[in-house]
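Encoded as structure tokens, the structure appears first; notes follow it.
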Amino acid sequence: MSAVQNLAALEGDIKALGSIGYGLAAIGPGVGIGIIFGNGTQALARQPEAAGLIRTNQILGFAFCEALALIGLVMPFVYGS
């Protein structure tokens, strides 16, 4: 089989490939969110008087990580078909 025939055979399964791609793309933001809140909890335990600043930074970091996950969700639909 040539490369063109292989691509033609995969054309019907492009949605499945997009789903697999999103699953892999969600790993990074998931790990990032875990690190953000884990380190934030440690920081709050060590310095409770800085709770407002730490919590603000946690929320900003969470928003940026979640934006990456949403971009990963949208890209298979944009480029898939």
Side-chain angles (χ1 to χ4, degrees):
M1 268 184 145
S2 70
V4 175
Q5 289 173 338
N6 287 338
L7 287 175
L10 285 176
E11 188 174 337
D13 294 333
I14 196 72
K15 297 286 186 190
L17 290 175
S19 299
I20 292 170
Y22 173 65
L24 293 174
I27 292 172
V31 170
I33 289 169
I35 289 171
I36 288 168
F37 285 107
N39 289 336
T41 302
Q42 286 181 3
L44 285 170
R46 292 179 185 200
Q47 201 169 11
E49 64 272 5
L53 180 64
I54 293 169
R55 196 168 291 124
T56 301
N57 288 334
Q58 279 183 321
I59 292 170
L60 282 173
F62 173 76
F64 290 140
C65 283
E66 194 64 28
L68 289 175
L70 291 175
I71 289 170
L73 174 67
V74 171
M75 284 304 128
F77 296 111
V78 171
Y79 294 117
S81 57

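For the single chain, residues carry numbers from 1 onward in sequence order.
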Let me confirm one number: the [atom1]-[atom2] distance from [X] to [Y], rounded to the nearest 0.5 Å.
| X | Y | atom1 | atom2 | result |
| --- | --- | --- | --- | --- |
| E66 | I59 | CD | CD1 | 13.5 Å |
| I33 | L68 | CD1 | CG | 9.0 Å |
| Q58 | L53 | CD | CG | 10.5 Å |

Subject >> Atom of P29, atom of C65 and distance for their closest heavy-atom approach >> reply: CB-O, 3.4 Å
Original post:
Does A26 have any side chain to side chain contact (heavy atoms under 4.5 Å, CB included) partners at least two apart in sequence or in another chain, and if so, which?
Top reply: Y22
Subject >> Results of ring pair (Phe, Tyr, Trp, His ring centres under 6.0 Å) for F62 - residues two or more places apart only >> reply: F37
Subject >> Nonpolar side-chain network containing L44, other nodes, edges under 4.5 Å >> reply: I54
